[in-house]
Amino acid sequence: MKSYKIGILKGDGIGPEIVDEGIKVIKKLALLNGFEIEFVDEKIGGDAIDTYGVPITDETLDVLGSCDAILMGSVGDPKYDQMTPELRPEKALLKMRKTLGLFANIRPAKLYEALKAHSPLKPSIINGELDICVVRELNGGIYFGKQVESEDGQSASDEMAYSVPEVKRIAKIAFEMAMTRNKKVTSVDKANVLSSSRLWRRTVIEISKDFPEVTLEHLYVDNAAMQLIINPMQFDVILTSNLFGDILSDEMSVLTGSIGLLPSASINESKLGLYEPIHGSAPSIAGQNIANPIATVLSVAMMFRYSLDLHDCADQIESAVLKVLNAGHRTADLASNDQKALSTSEIGDLITEAL
Ligand code: IPM
Ligand code: MG
């Protein structure tokens, strides 16, 4: 029997509750499709700080590196806001991305028909199926450039650097993604001001020659932020750098009505991937069994697709989620005033049954 090793990082806040629903779905699919799963629990974020004094240990990184895929909940809690940068829960995420070479961050945003009323955009703007995928570079740029703070505390700088190979490999992912979708890539940069963006644009144009069927457009990031609001239907795949992708993906998540629905994947050259909802740890609702587990469940679908190569399982999860949403089942973030909201585990059970 085929067996997969999956690293589990429940993390902080609502992390443990939503990951439990993801595990439920994985177990059900293993049963239905006849494969085995070995789950390996590790600690990250505040959870790791409380146990080991650091947000992620080298041993944990070693273990994760030996897995086929990693499922994560969320990290962060206001309790750790006063920590030095090295000890903040976010540091764990950055270290994991870098150490495991997770350079490609894939963040799809789809507005489901059943949830159209939840989008803050007018129906006249969303005149069709809104389905955008952000491909964000995750191992370079200003997140990993040289950081300097002057001794007197009066100045500080962050370097934004990109190399041609770094841009090439992420651009390739975006074009390949576009080939499986609507064959359009919008590359977002700030080439009118930044030299790293000029290198970015040059390199993306170079790579685009290998994908003649894909239409390539370029937008400056300020304009892209505006276009996402006034004409989001023009987008298919958005290819962009680490910082711009961070900002635009949050903006995009709002367009689909609930941040509780959006999954993400961060993958490396050998298909190892970290799968996590794009929302945070939501400490204010932690432990109440009311968080929306759908983003995590859809992250599991991405895991089956990109790391385990089990495309049927991925499709099955996505249809099960759709079925549950179409039947009108909602967690508190999406329930209407006159509707009884279902709990995290009830939604997880419904999705599992729908499988
Ligand atoms: C994200 C988050 C992270 C980032 C933080 C928590 C370091 O905002 O995954 O988008 O900036 O990349
Ligand atoms: Mg972010």
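Atoms within each ligand, like the ligands themselves, are counted from 1 in listed order. Position 1 is the first residue of the sequence, and the numbers go up from there.
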Within the 4.0 Å heavy-atom cut-off, what Arg97 brings close to ligand 1 is side chain
I want to know if ligand 1 touches Asp246 in the polar sense, i.e. an N/O pair below 3.5 angstrom.
yes
Using 4.0 Å as the upper bound for N to carboxylate O, is an ion pair formed by Lys172 and Glu176?
yes
In Asp246, which N, O or S atom comes closest to the Mg ion (ligand 2)?
OD1
Measure the distance from atom 6 (C) of ligand 1 to every protein heavy atom, then report the residue, atom name and distance (to 0.1 Å) of the closest one.
Glu90 CG, 3.6 Å
Answer side chain, backbone, both or neither: which part of Arg107 comes under 4.0 Å from ligand 1, heavy atoms only.
side chain
With sequence neighbours excluded, residues passing side chain to side chain donor-acceptor pair (under 3.5 Å) with Ser270:
Asn268
Work out which heavy atom in Ile23 is nearest to a heavy atom in Lys10; give both atom names and the distance.
CD1-CE, 4.4 Å
Would you say Asp250 has an N, O or S atom lying under 2.8 Å from the Mg ion (ligand 2)?
no
Is it true that Lys5 and Glu38 have a side-chain N and a carboxylate O under 4.0 angstrom from each other?
no
Tell me, which protein residue and heavy-atom name are nearest atom 4 (C) of ligand 1, and how many Å apart are they?
Tyr143 OH, 3.4 Å
Does this structure show an ion pair linking Asp68 with Lys2, if we count only N-O contacts that are shorter than 4.0 Å?
no
Counting only heavy atoms, which portion of Arg136 has something under 4.0 Å from ligand 1: side chain, backbone, both, or neither?
side chain
Under a 4.0 Å threshold between the charged nitrogen and the carboxylate oxygen, would Asp131 count as salt-bridged to Arg181?
yes
